[in-house]
Colleague: 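Quick one: the structure is below, questions incoming.
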Amino acid sequence: MSSKTFRGMVACTCVLAISSWLNAAEVSSANTSQLTSQRALAALVREVLNSNPAVQAAQAAVNAAQARERAASRPLYNPALAFNLEQSAEDTQALGLDQTIDWADKREARTKVASYVWVATRAKLVTVRQRLSGELLSALVRLQTARALARLAQRRADGTQHLAALSQQRYQAGDLNQVSLELARLAHAQAKLQRAQAVSDVIQARRALAAVAGDVDRNWPGLPKRLPTLARGAPDLKTLLNELPVLRAQRARIAAARSAVELSARRRTPDPTIGLRGGSQENEALIGIGLSLPLFVRNNFSAEVDVANANLIRTQRRAQNIYRRAKARLVSALMQYRVTRRARLAWEQTGQRSVSTQIDLLRRLWQAGELSTTDFLVQLNQALNTQASAIGVRGRAWRAWFEWLTASGRIDDWLGLRRP
């Protein structure tokens, strides 16, 4: 092997090594940027949720349910102290103690109801937090998309303004006719109208974000550069649905309604009251034991059992409806994200560079007189509209991603937040 060939092989190896190192460094930098953006979004969500009134109200409901669970676990009846004094031919004095017995163990059934309600309320808190997280991030995407479209509209307005000025100069020099000049002016007027609409969309997006975050005068974090990737295989929808907080809450409500039926049935059992008396009668000791038992003859409380059974059926049917809606939302969010992500990736690979190149080429051709004003405006609008569509697709893709995270109950996992 000659020295020249050897040096060539060494150089080629060095180039490949450097290229691999640069690619690895680029991937590492992209991953770091992706992780940094997710952490910034997580910090924003955490801050907003901690101060959001809806979350605070849901947390207060959890605290109240926990207190009711503690109250339900306490005994139903307290002892009663009685004092009797009779003045007649024979003076009688007696001090007694009465205690009603929870004969059917209503305390246990009542505790079960309160415990299941507490579980359902905690699951509802998680649902509220995840829903608000999704709304916050979607509103943030909407604002950033509106701002990007507003910048594009400003670019369109500036470009058409420059076009109108150049057209005026060429018209005065005799290189352009009146029709082309008016067409350039109309294009600038239309661009200004589109810019006003884009600014209005930014204001509406700011209002929607303020409704969730409570404040818009701050530096909002940016979205990650790359859209997240879903697993190639079909996700286990059944497992995702079973783990959803809203469905866990419904299962707890069904268990609470079933326990309420049992509680209503136990309330049909009368609770006896035992009394113990001690005193004196004409200087003689007096001891007595009493027993009283309610007679459920005028009201046997069967209607309450019917009400509890009807409420159980209503809760079960409502849970079935919520399950159907959650499943439909989950499937729709998955399909929507895959479609929009695929379209965005296709744009990033080919369309993004093509539009920028096309706009520069059109401008040079028009200035050189090789392209009419009409053709220039038509193709320029097509290129800018394509870029606006790409911005909209990116926003829809991110909103679809956050919809998928909310529908699947995985938004806390993606943000790295701990569930309450």
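Numbers for residues simply follow the sequence, beginning at 1.
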Colleague: Do Tyr337 and Trp401 have their ring centres less than 6.0 Å from each other?
Modeller: yes
Colleague: Considering all heavy atoms of both residues, which atom of Lys106 and which atom of Leu263 are nearest to each other, and what is their separation?
Modeller: O-CD1, 3.6 Å
Colleague: Within the 4.5 Å heavy-atom criterion, are Gln130 and Asp412 side-chain neighbours or not?
Modeller: yes
Colleague: If you round to the nearest 0.5 Å, how far is CG of Leu44 from CG of Leu140?
Modeller: 6.5 Å
Colleague: Pairing donors with acceptors under 3.5 angstrom, does anything connect the side chains of Arg258 and Asn311?
Modeller: no
Colleague: Any luck finding a side-chain donor-acceptor pair between Tyr77 and Asp271 under 3.5 Å?
Modeller: yes
Colleague: Compare all side-chain heavy atoms of Arg107 with those of Pro75 and state whether any distance is below 4.5 angstrom.
Modeller: yes
Colleague: Is any side-chain heavy atom of Glu108 closer than 4.5 Å to a side-chain heavy atom of Asp102?
Modeller: no
Colleague: How long is the span from the CH2 atom in Trp347 to the CD1 atom in Ile391, to the nearest 0.5 Å?
Modeller: 8.5 Å
Colleague: For Val141 and Arg399, work out which heavy atoms get closest and say how close.
Modeller: CG1-CG, 3.7 Å
Colleague: Can Asn385 and Arg156 be said to form a side chain to side chain contact (heavy atoms under 4.5 Å, CB included), step by step?
Modeller: CA-CA 10 Å; Asn385 290 338; Arg156 185 196 298 263; 3.0 Å; yes
Colleague: Kindly indicate whether a cation-pi arrangement holds for Arg396 with Trp398, taking the cut-offs as under 6.0 Å to the six-membered ring centre and within 45° of the axis.
Modeller: no
Colleague: Give a yes-or-no answer on whether the side chains of Asn52 and Gln56 include a donor-acceptor pair shorter than 3.5 Å.
Modeller: no
Colleague: Could you grab the distance from atom CZ of Arg110 to atom CG of Asp105, nearest 0.5 Å is fine?
Modeller: 11.0 Å
Colleague: Given Leu230 and Leu334, is the side chain to side chain contact (heavy atoms under 4.5 Å, CB included) satisfied, shown in steps?
Modeller: CA-CA 9 Å; Leu230 283 175; Leu334 177 62; 3.5 Å; yes
Colleague: Is it the case that the side chain of Ser408 and the backbone of Leu240 share a donor-acceptor pair, with hydrogens and angles ignored and the cut-off at 3.5 Å?
Modeller: no
Colleague: Restricting to non-hydrogen atoms, name the atom on Ala208 and the atom on Arg142 that form the minimum distance, rounded to 0.1 Å.
Modeller: CB-NH1, 3.7 Å
Colleague: Are the side chain of Thr127 and the backbone of Ala123 linked by a donor-acceptor contact shorter than 3.5 Å?
Modeller: yes
Colleague: According to the salt bridge (Lys or Arg N to Asp or Glu O under 4.0 Å) rule, which pairs have a member within residues 237-250, sequence neighbours left out?
Modeller: Glu243-Arg410
Colleague: Under the side-chain hydrogen bond (donor to acceptor under 3.5 Å, both in side chains) rule, what do Asn63 and Arg68 come out as? Steps first, then yes or no, please.
Modeller: CA-CA 9 Å; Asn63 297 337; Arg68 284 193 293 269; over 6 Å; no
Colleague: Specify the closest pair of heavy atoms between Ala104 and Thr269, including all atoms of both residues, with the distance to one decimal.
Modeller: CB-CB, 3.8 Å
Colleague: Looking at Thr386 and Gln382, would you say the former's side chain and the latter's main chain have a donor-acceptor pair under 3.5 Å?
Modeller: yes
Colleague: Check whether any side-chain heavy atom of Pro79 sits under 4.5 Å from a side-chain heavy atom of Asp98, and report yes or no.
Modeller: no
Colleague: Just checking Arg318: does its CZ atom have more than 12 heavy atoms from other residues, nucleotides or ligands closer to it than 6.0 angstrom?
Modeller: no
Colleague: How long is the span from the NZ atom in Lys327 to the CG atom in Leu247, to the nearest 0.5 Å?
Modeller: 12.0 Å
Colleague: Just by distance, do the side chain of Arg277 and the backbone of Leu95 share a donor-acceptor pair under 3.5 Å?
Modeller: no
Colleague: Taking Asn300's backbone N and O only, do any of them form a donor-acceptor pair with Arg268's side chain (distance below 3.5 Å, no angle check)?
Modeller: yes
Colleague: Between the main-chain N or O of Pro221 and the side-chain N or O of Gln144, is there a donor-acceptor pair closer than 3.5 Å?
Modeller: yes
Colleague: Do Arg341 and Thr229 pair up side chain to side chain, a donor and an acceptor below 3.5 Å, judged on atom types alone?
Modeller: yes
Colleague: Identify the heavy atoms of Pro272 and Leu291 that sit nearest to each other, and give their distance.
Modeller: CB-CD1, 4.0 Å
Colleague: With heavy-atom distances below 4.5 Å as the criterion, would you say the side chains of Leu163 and Leu377 are in contact?
Modeller: yes
Colleague: Test Arg267 against Phe301 for side chain to side chain contact (heavy atoms under 4.5 Å, CB included), laying out the working first.
Modeller: CA-CA 7 Å; Arg267 283 176 175 170; Phe301 300 100; 5.6 Å; no
Colleague: Should the heavy atoms of other residues, nucleotides or ligands under 6.0 Å from CD of Gln99 be counted, would the total exceed 12?
Modeller: yes
Colleague: Could you check whether any side-chain heavy atom of Leu417 comes within less than 4.5 Å of a side-chain heavy atom of Arg46, counting everything from C-beta outward?
Modeller: yes
Colleague: Please report the interatomic distance OG1(Thr315) to CZ(Arg253), rounded to the nearest 0.5 Å.
Modeller: 8.5 Å
Colleague: Any luck finding a side-chain donor-acceptor pair between Gln379 and Asp375 under 3.5 Å?
Modeller: no
Colleague: Under 3.5 Å, is there a donor-acceptor pair between the side chain of Ser138 and the main chain of Glu135?
Modeller: no
Colleague: Counting only heavy atoms not in Leu293, do more than 12 sit closer than 6.0 Å to its CG atom?
Modeller: yes
Colleague: Rounded to the nearest 0.5 Å, how far apart are OG of Ser167 and NE2 of His162?
Modeller: 9.5 Å
Colleague: Is there a donor-acceptor pair under 3.5 Å between the side chain of Arg251 and the backbone N or O of Asn242?
Modeller: yes
Colleague: Do Leu41 and Trp414 have side chains that get closer than 4.5 Å, going by heavy atoms?
Modeller: yes
Colleague: Stepwise, does the side chain to side chain contact (heavy atoms under 4.5 Å, CB included) test hold for Arg324 with Arg329?
Modeller: CA-CA 9 Å; Arg324 289 182 179 180; Arg329 180 187 181 189; over 6 Å; no
Colleague: Please report the C-alpha distance between Gln197 and Asp201 in whole Å, then the side-chain angles of each, then the deciding distance to 0.1 Å, and finally whether the side-chain hydrogen bond (donor to acceptor under 3.5 Å, both in side chains) criterion is met.
Modeller: CA-CA 6 Å; Gln197 181 61 45; Asp201 293 340; 3.0 Å; yes
Colleague: So does Ala390 get a backbone contact from the side chain of Arg344, meaning a donor-acceptor N/O pair under 3.5 Å?
Modeller: yes
Colleague: Is there side-chain contact between Leu76 and Thr100, with at least one heavy-atom pair below 4.5 Å?
Modeller: no
Colleague: Extract all donor-acceptor atom pairs below 3.5 Å that involve side chains of residues 181-192 and protein atoms in other chains or at least two apart in sequence.
Modeller:
residue: Glu182; atom: OE2; partner: Gln178; partner atom: NE2; Å: 2.8
residue: Glu182; atom: OE2; partner: Arg185; partner atom: NH1; Å: 3.2
residue: Arg185; atom: NH2; partner: Gln168; partner atom: OE1; Å: 2.6
residue: His188; atom: ND1; partner: Ala157; partner atom: O; Å: 3.4
residue: His188; atom: ND1; partner: Thr160; partner atom: OG1; Å: 3.1
residue: His188; atom: ND1; partner: Gln161; partner atom: N; Å: 3.4

Colleague: Looking only at heavy atoms, what is the nearest atom pair of Ala139 and Leu209, with distance?
Modeller: CB-CD1, 3.7 Å
